[in-house]
Amino acid sequence: MLKKYSSIAQMQQESSRSDRFLFAYRNNVYDLTHFVDDHPGGRFSLQTFKGKDLENILFNASIHRHQPSILSTLEQYKCGIIEAKIPQDSKSKSQAATTSKPNTTQKNEKTCKTQLTDDKTNRSNITSKSKDSIQQHSNLLSIESNQVKKSNLKQTSKTKPITQAESIIAESTKTIKSKSDLNILNQQRLQQTSQIQGSSSLISIVSNTKNSHLSPQIIQEEDESQPSPLNNAQKSEYELIPEDNLNLKVPILNYSLTGYLKLKLTLKN
Ligand code: HEM
């Protein structure tokens with residue numbers, strides 16, 4: 001007949017009050033009073049752990065060698081059972097938890113559904129707003145592109161005369177490849193200007209020195225035979241092509257402008 005113990009403490013109390021060697025192992029109580037003298041590890045080791053739980057002793061590698069016979073030997077001395085009773089408070093708490101589960105899940109489901117609908121409405125609002133903002137941006141972009149086109153047209157119309165003059169100067173300078181070419185070109189220019197003006201004067205823009213050419217001066221060479229302070233190469237560099245020679249009917253402002261461009265181009269060389 002197995003005795004029922006409410007707890008390990010009750011078993012320990014009974015073991016301490018008597019000469020019996022009671023031990024607990026997995027909710028069972030074992031009386032090893034008659035085994036103490038047969039224990040291979042001696043009486044003292046069992047006496048030390050009298051009334052204790054054998055859970056961490058029986059199969060502890062530092063104490064026993066995990067012999068399967070230990071459990072069979074132990075079963076021969078079984079004398080009681082420990083009934084671990086669940087307290088009433090914890091019982092009621094657990095019951096309450098089980099009964100309240102469906103309510104909480106229902107509430108959670110409802111809140112999730114409402115959150116989902118809110119999210120959907122928020123998303124639709126955000127997408128409509130983003131569409132409006134994109135439309136506004138596209139309108140602004142089209143307006144800006146029109147403005148840019150207009151400004152580009154204005155710029156091209158402004159720069160057209162300059163580019164024309166530049167191209168003419170470039171074409172004329174392309175032909176100047178050697179000193180002989182320079183001489184021939186200068187002679188041709190002199191002849192043309194003498195025919196037009198009826199004299200041997202040549203209008204040219206010359207800077208006094210290479211470092212002070214930012215403000216070009218218009219000088220008049222009275223005679224062709226007079227030695228020029230510049231040699232042929234230098235002369236060609238600073239010389240301005242006359243307007244009649246360029247076949248351009250431009251006002252004096254454009255004339256000086258083309259001269260300045262020529263000067264600027266030759267200085268880079
Ligand atoms: C109360 C706790 C116990 C303690 C502290 C304990 C301690 C020991 C020790 C120190 C040894 C010697 C090991 C060696 O010489 O290498 C031993 C051997 C042994 N014990 Fe225990 N023992 C306990 C309970 C038991 C119980 C309940 C049984 C069996 C029902 C048991 C069965 C054996 C056997 C069969 C051996 C010899 C073989 C082996 O070392 O595994 N012991 N014990």
Side-chain angles (χ1 to χ4, degrees), residues 1-138 140-141:
M1 188 67 184
L2 296 173
K3 188 182 178 180
K4 292 181 180 177
Y5 294 89
S6 60
S7 62
I8 292 177
Q10 188 187 354
M11 180 272 296
Q12 284 175 345
Q13 200 175 9
E14 190 178 320
S15 179
S16 62
R17 283 177 184 174
S18 64
D19 294 335
R20 294 171 67 195
F21 287 81
L22 298 176
F23 295 92
Y25 181 69
R26 301 197 175 181
N27 288 336
N28 294 316
V29 178
Y30 301 95
D31 188 353
L32 298 178
T33 308
H34 301 289
F35 175 72
V36 173
D37 292 331
D38 299 332
H39 181 237
R43 182 185 176 92
F44 182 76
S45 55
L46 286 177
Q47 199 170 4
T48 307
F49 287 89
K50 187 181 170 184
K52 302 286 181 185
D53 190 357
L54 299 176
E55 182 67 43
N56 297 321
I57 296 168
L58 283 183
F59 298 101
N60 191 332
S62 63
I63 298 170
H64 293 125
R65 296 172 190 165
H66 300 284
Q67 287 187 2
S69 61
I70 288 178
L71 282 177
S72 60
T73 308
L74 199 63
E75 281 298 315
Q76 293 172 15
Y77 299 100
K78 188 174 178 179
C79 65
I81 296 168
I82 298 168
E83 290 178 337
K85 291 180 181 176
I86 301 167
Q88 291 295 322
D89 293 339
S90 62
K91 265 188 180 178
S92 61
K93 276 181 186 175
S94 66
Q95 282 176 357
T98 51
T99 52
S100 65
K101 262 186 181 178
N103 291 330
T104 52
T105 51
Q106 283 174 0
K107 280 181 184 176
N108 287 329
E109 283 175 0
K110 279 182 182 177
T111 50
C112 284
K113 280 178 182 175
T114 51
Q115 281 176 358
L116 280 169
T117 50
D118 289 341
D119 286 341
K120 279 179 182 176
T121 51
N122 284 328
R123 280 179 188 174
S124 63
N125 289 329
I126 288 161
T127 48
S128 63
K129 281 179 184 175
S130 61
K131 278 178 183 174
D132 291 339
S133 63
I134 288 161
Q135 187 67 33
Q136 284 176 0
H137 279 292
S138 63
L140 286 169
L141 282 169

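Atoms within a ligand are numbered from 1 in the order they appear, just like the ligands themselves.
- Each of the following atoms of ligand 1 lies closer than 4.0 Å to a heavy atom of F23: 1 (C).
- Put simply, the side chain of N28 reaches to within 4.5 Å of the side chain of I81, judged on heavy atoms.
- Heavy-atom separations between L58 and ligand 1 include at least one value shorter than 4.0 Å.
- With ligand atoms numbered from 1 in the order given, ligand 1 contributes 27 (C), 30 (C) to contacts under 4.0 Å with heavy atoms of L74.
- Taking the six-membered ring for Trp, Y77 and Y30 have ring centres at least 6.0 Å apart.
- Summary of contacts: the protein heavy atom closest to atom 12 (C) of ligand 1 is G41 CA, 3.8 Å.
- Residue F35 touches ligand 1 through its side chain alone, judged by heavy-atom distances below 4.0 Å.
- Backbone and side-chain nitrogen or oxygen atoms of R65 are examined, and one is located within less than 3.5 angstrom of a nitrogen or oxygen of ligand 1.
- The nearest protein atom to atom 34 (C) of ligand 1, hydrogens excluded, is given as P40 CG, 3.5 Å; this is a heavy-atom distance.
- Here T48 has no heavy atoms under 4.0 Å from ligand 1, in either its backbone or its side chain.
- Interface of F49 with ligand 1, defined as ligand atoms under 4.0 Å from a residue heavy atom, comprises 1 (C), 5 (C).
- Between H39 and H64, the ring planes lie perpendicular to each other; the angle is over 60°, past the 30° to 60° tilted range.
- The shortest contact between atom 1 (C) of ligand 1 and any protein heavy atom is with L46 CD2, 3.3 Å.
- The structure places SG of C79 at 5.5 Å from CG of L22, a figure rounded to the nearest 0.5 Å.
- Contacts with ligand 1 closer than 4.0 Å are made by side-chain heavy atoms of H39 only, the backbone lying farther away.
- Closest to atom 10 (C) of ligand 1, if we only count protein heavy atoms, is I63 CG2, 4.2 Å.
- Residue, atom and distance of the protein heavy atom nearest to atom 23 (C) of ligand 1 are H64 CE1, 3.4 Å.
- The distance from the CE atom of M11 to the CG atom of D53 is 7.5 Å, given to the nearest 0.5 Å.
- There is no protein heavy atom closer than 4.0 angstrom to atom 15 (O) of ligand 1.
- Remark: D19 CG is loosely packed, at most 12 non-hydrogen atoms of other residues, nucleotides or ligands lying under 6.0 Å away.
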Margin query: Checking V29 against K3 for the side-chain contact (heavy atoms from CB on, under 4.5 Å) test, could you report, in this order, the C-alpha distance in whole Å, the side-chain angles of both residues, the deciding distance, and whether it holds?
Written below: CA-CA 8 Å; V29 178; K3 188 182 178 180; over 6 Å; no
Next item on the list: Mind running side-chain contact (heavy atoms from CB on, under 4.5 Å) on L71 and Y25 for me, showing each step along the way?
Entry: CA-CA 10 Å; L71 282 177; Y25 181 69; 3.9 Å; yes
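- With S15 contributing its side chain and R20 its backbone, the two residues share a donor-acceptor pair below 3.5 Å.
- With respect to atom 2 (C) of ligand 1, the closest heavy atom belonging to the protein is I57 CG2, 3.4 Å.
- Under the 3.5 Å distance criterion, the side-chain polar atoms of Q10 are matched with a main-chain donor or acceptor of S6.
- Among protein heavy atoms, atom 38 (C) of ligand 1 sits closest to Q67 NE2, 3.6 Å.
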Notebook entry, point to check: Would I82 and I8 count as a side-chain contact (heavy atoms from CB on, under 4.5 Å) if you check the C-alpha gap in whole Å, the side-chain angles of each, and the deciding distance to 0.1 Å?
Noted result: CA-CA 7 Å; I82 298 168; I8 292 177; 3.6 Å; yes
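- The nearest heavy-atom contact from the protein to atom 27 (C) of ligand 1 is L32 CD1, 3.5 Å.
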